[in-house]
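What follows is a single structure, written as structure tokens, with notes after it.
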Amino acid sequence: MIITVSREFGASGREVAKLLAKELNYQYFDKEILKETSKVSGLCLDYLDKQDEKSFNSFLSSLMSSTSAINGKESMEDIILKANKEAIINIANKDNVVIVGRCADYILKDYSNVLRVFIVANDEYRISHVASRDNLTLIEASKKIRKMDKIRANYYQNYTDATFGDPSNYDLCLNVASLGKEKVVKIIKKLVKGEE
């Protein structure tokens with residue numbers, strides 16, 4: 001069984017994924033995906049960490065990609081994307097896993113044993129959570145959320161033919177603000193176990 005967890009920034013998706021993996025005794029993959037991507041691509045882990053879940057949509061990056069295409073070479077963007085995809089497929093083939101972000105829901109969409117979950121929360125919850133977690137003011141947290149939402153949406157849309165956050169991309173969308181993390185984990189766990 002593979003569970004992919006996509007999430008709005010600040011909606012506690014990572015925490016839900018960790019709790020879920022622990023409850024189900026599944027392997028948990030988040031930043032660990034970068035290690036696998038590094039192995040597949042041969043690229044430095046520090047470089048991949050800086051590019052993690054960010055789209056290469058700057059002018060310089062576009063220019064470099066165009067130049068690479070003209071020269072018949074793969075762009076760095078293409079190399080990372082292919083390596084990330086291969087890494088996620090390698091991880092998915094390991095065993096029971098929970099995978100956070102990195103377009104895993106899209107990459108594994110044709111697998112029959114995947115549950116694609118999207119975690120959301122209202123602005124009040126997200127702002128409060130990010131402010132507390134990152135030691136920011138509410139205004140700073142709000143700005144960070146808007147910035148990160150934009151980055152994630154751009155990343156997803158640049159690498160898939162789908163829209164980030166569109167409920168039709170997922171099997172289950174859950175609101176942590178109204179349900180709480182523990183109940184969200186309980187709902188997913190029951191679904192995975194086939195319990196009523």
Side-chain angles (χ1 to χ4, degrees), residues 1-41 43 45 48-49 51-54 80-121 125-126 129-130 133-134 148-149 151-153 155-156 159-160 162 164-196:
M1 184 74 194
I2 304 155
I3 304 168
T4 65
V5 178
S6 302
R7 70 275 185 233
E8 291 181 324
F9 186 77
S12 299
R14 179 172 283 129
E15 293 96 324
V16 165
K18 280 183 184 176
L19 282 169
L20 184 64
K22 187 177 178 183
E23 285 279 322
L24 291 169
N25 199 27
Y26 280 21
Q27 292 182 67
Y28 172 82
F29 291 92
D30 184 1
K31 291 284 187 183
E32 297 81 0
I33 295 168
L34 298 178
K35 291 177 188 170
E36 185 71 27
T37 303
S38 177
K39 278 196 289 188
V40 169
S41 66
L43 293 170
L45 189 57
L48 290 171
D49 192 41
Q51 300 304 326
D52 190 31
E53 289 194 298
K54 295 177 182 74
I80 292 173
L81 181 60
K82 281 183 182 176
N84 181 65
K85 183 178 180 178
E86 188 176 334
I88 287 171
I89 289 169
N90 289 347
I91 288 165
N93 290 330
K94 284 182 188 241
D95 201 0
N96 294 324
V97 295
V98 175
I99 303 173
V100 177
R102 292 163 194 86
C103 301
D105 60 288
Y106 181 83
I107 291 166
L108 303 172
K109 68 180 171 26
D110 295 327
Y111 279 53
S112 61
N113 59 334
V114 175
L115 177 65
R116 299 174 303 155
V117 178
F118 191 66
I119 304 296
V120 301
Y125 177 96
R126 294 167 69 201
H129 178 67
V130 171
R133 183 191 69 195
D134 298 350
M148 292 306 296
D149 280 349
I151 288 170
R152 282 189 182 163
Y155 176 82
Y156 195 86
Y159 300 136
T160 72
F164 181 74
D166 178 351
S168 66
N169 297 336
Y170 310 98
D171 302 306
L172 187 62
C173 297
L174 295 166
N175 188 326
V176 170
S178 59
L179 297 169
K181 288 182 270 192
E182 290 76 18
K183 189 161 185 180
V184 165
V185 169
K186 197 173 187 179
I187 290 167
I188 300 168
K189 186 179 172 185
K190 276 186 158 190
L191 190 61
V192 169
K193 296 282 187 186
E195 298 170 1
E196 291 293 322

Heavy-atom pair with the smallest gap, counting every atom of [X] and [Y]:
X      : Y      : result
Gly165 : Phe118 : CA-CZ, 3.6 Å
Lys189 : Leu20  : N-CD1, 4.0 Å
Glu8   : Arg152 : C-NH1, 3.6 Å
Ala92  : Val97  : CA-CG2, 4.3 Å
Gly13  : Val5   : O-CG1, 3.8 Å
Gly10  : Val130 : CA-CG2, 3.6 Å

Item to check | Residue pair Tyr156 / Asp166, side-chain donor-acceptor N/O under 3.5 Å | outcome: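 Asp166 and Tyr156 do not have a side-chain donor-acceptor pair below 3.5 Å.
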
Rounded to the nearest 0.5 Å, what's the gap from [atom1] on [X] to [atom2] on [Y]? Could you check?
X      : Y      : atom1 : atom2 : value
Tyr155 : Met148 : OH    : CE    : 12.0 Å
Lys109 : Arg116 : NZ    : CZ    : 8.5 Å
Leu191 : Lys186 : CG    : NZ    : 14.5 Å
Arg126 : Asp149 : CZ    : CG    : 4.0 Å
Asp30  : Arg102 : CG    : CZ    : 4.5 Å
Asn113 : Ile3   : CG    : CD1   : 10.5 Å

Item to check | Residue from Ile188, Thr4, Val98 passing side chain to side chain contact (heavy atoms under 4.5 Å, CB included) with Leu115 | outcome: Ile188

Checklist entry - Any chance CG of Asn93 has more than 12 other-residue heavy atoms, nucleotides or ligands included, within less than 6.0 Å? => result yes

Hey, are the side chains of [X] and [Y] touching, using non-hydrogen atoms and a 4.5 Å cut-off?
X      : Y      : result
Val184 : Asn175 : no
Ile89  : Tyr111 : yes
Val100 : Arg7   : yes
Val192 : Tyr26  : yes
Leu174 : Leu179 : yes

Checklist entry - Under 6.0 Å between the ring centres of Phe164 and Tyr159? => result no

Next on the checklist: Set out, in order, the CA-CA distance, both residues' side-chain angles and the distance that settles side chain to side chain contact (heavy atoms under 4.5 Å, CB included) for Phe9 and His129, then state yes or no.
Outcome noted: CA-CA 10 Å; Phe9 186 77; His129 178 67; over 6 Å; no

